[in-house]
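Residue numbers run from 1 in the order of the sequence given.
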Amino acid sequence: MMVLGSDFITLTISCRAVLFDMDGTLVDSTRVVEAAWEWWAKRHDLPLETVLSFSHGRPTIATMEQFLPGQDHTGELEEMTRYEEIEVGGILAIPGAVQVVGALQNHPWAIVTSAWRMLAEARVVAAGLPLPNVIVPVDEIRNGKPDPEGYLCAAEQLGVPPQECLVFEDTRPGIEAGLNAGMHVVGLLTTMPADQLRHRPLIRDFREVTIRPEGDRLNVEITEAI
């Protein structure tokens, strides 16, 4: 259902499960993530903005291989892993995320992330959010985003058909992963501008989302500025 206002559109999406990306979607970890990539970019004399524009939404190893193909990245991956797992100061929940996740506590929901499990759990807890029963981290699948494997794995674990799932994502690779899985996708303008996301609907944050359970279904109301 769609309702038009003078400067907004309200959409209602009916689904049975909600799947979230983590960094930039549920959790604001920008300071830590960008500091880690700044260290790596300086080490290899690479422009930070170029590295960041590729890295958002992708597994760490995919970014390293993009800019330094054919090299052994094992040591640097371990260094970045240690840094990111320790640095949880300043990790915050995206505005409205606490309320949205709270409304889902008796319904199927999951996190599908390009972070590894230990890091994902540490950041979710640091942000003051509950851990879902289902987390699909990058270290437990073969193919990271934009491949749909993570989202399809989450749907399978939840016992919900992909077409009955709604995905929230903040990057183009993540949006493509959700779409490639055959799911409904809502984009967040927390990390990239609208012209880079190339998707609708878009929201600024979860203050523009209302969850209304109805039996085993979820009516998710989205208010999109136009």
Side-chain angles (χ1 to χ4, degrees), residues 13-29 33 56-62 84 93-94 96-127 129-188 190-191 197 199 201-203 205-206 209 211 213-220 222:
I13 301 171
S14 178
C15 63
R16 287 178 50 200
V18 180
L19 313 182
F20 300 92
D21 172 54
M22 185 186 66
D23 289 315
T25 298
L26 280 181
V27 172
D28 181 359
S29 54
V33 171
H56 286 305
R58 290 185 169 90
T60 302
I61 187 62
E84 293 193 72
I94 295 294
V98 172
Q99 291 74 20
V100 165
V101 168
L104 293 170
Q105 287 311 292
N106 296 317
H107 300 273
W109 71 288
I111 292 175
V112 179
T113 175
S114 294
W116 52 99
R117 179 172 290 276
M118 187 177 295
L119 177 61
E121 292 180 350
R123 284 186 177 167
V124 171
V125 170
L129 295 167
L131 291 170
N133 291 329
V134 173
I135 297 178
V136 180
V138 72
D139 56 326
E140 296 177 15
I141 56 176
R142 289 180 178 273
N143 303 297
K145 302 169 185 177
D147 192 279
E149 181 184 351
Y151 281 115
L152 292 173
C153 182
E156 182 179 6
Q157 291 185 44
L158 291 171
V160 177
Q163 64 270 22
E164 293 278 13
C165 296
L166 171 62
V167 169
F168 285 96
E169 271 282 0
D170 69 310
T171 67
R172 184 61 201 177
I175 288 172
E176 289 178 6
L179 294 175
N180 291 338
M183 300 177 177
H184 305 283
V185 180
V186 174
L188 279 84
T190 49
T191 302
L197 292 179
H199 181 74
L202 295 173
I203 58 172
D205 56 47
F206 288 107
V209 177
I211 307 286
E214 187 175 327
D216 66 347
R217 301 198 67 80
L218 297 162
N219 293 319
V220 183
I222 309 293

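- The shortest distance between side-chain heavy atoms of H184 and F168 does not fall below 4.5 Å.
- The closest donor-acceptor contact from the side chain of H199 to the backbone of E176 lies at 3.5 Å or more, if one exists at all.
- For the pair C165 and W109, the minimum side-chain heavy-atom distance is 4.5 Å or more.
- With contacts defined as side-chain heavy-atom distances shorter than 4.5 Å, the pair V112/D21 does not qualify.
- Atoms CD1 and CD, from I211 and Q99 in turn, are 11.5 Å apart once rounded to the nearest 0.5 Å.
- To the nearest 0.5 angstrom, D170 atom CG is 7.5 Å from L197 atom CG.
- Remark: side-chain polar atoms of E164 are not paired, donor with acceptor, to backbone N or O of A17 under 3.5 angstrom.
- The minimum heavy-atom distance linking A115 with D139 is given by the pair O-OD1, 4.4 Å.
- The shortest heavy-atom contact between R172 and L179 is NH2-CD1, 4.5 Å.
- A110 approaches L158 most closely through the heavy-atom pair CB-CD1, 4.0 Å.
- Applying the 6.0 Å contact sphere to CD of Q105 captures more than 12 heavy atoms from other residues, nucleotides or ligands.
- Applying the side chain to side chain contact (heavy atoms under 4.5 Å, CB included) test to S114 and every residue at least two apart in sequence or in another chain returns P59, K145.
- Taking 4.5 Å as the limit, every side-chain heavy atom of V209 sits out of range of all side-chain heavy atoms of V186.
- Using a 4.5 Å heavy-atom cutoff, the side chains of V27 and I94 are not in contact.
- Looking at L26 and L129, their side chains come closer than 4.5 Å, going by heavy atoms from C-beta outward.
- Contact check for I135 versus E121: side-chain heavy atoms found under the 4.5 Å cut-off.
- With values rounded to the nearest 0.5 angstrom, C15 atom SG is found 11.0 Å from M183 atom CE.
- Rounded to the nearest 0.5 angstrom, I111 CD1 and R123 CZ are separated by 12.0 Å.
- Counting heavy atoms from C-beta outward, E169 and T171 have side chains that approach closer than 4.5 Å.
- Between F206 and F20, the ring planes lie perpendicular to each other; the angle is over 60°, past the 30° to 60° tilted range.
- If you take CG on D216 and CG on N106, they are separated by 13.0 Å, rounding to the nearest 0.5 Å.
- Applying the side chain to side chain contact (heavy atoms under 4.5 Å, CB included) criterion to C153, with sequence neighbours excluded, gives V136, Q157.
- If you take CZ on R16 and CD on Q163, they are separated by 9.5 Å, rounding to the nearest 0.5 Å.
- Smallest separation of non-hydrogen atoms from P162 and A181: CB-O, 3.3 Å.
- Across every non-hydrogen atom of G187 and I175, the tightest pair is CA-CD1, 4.4 Å.
- Listed here is the closest heavy atom pair of L188 and T25: CD2-O, 3.9 Å.
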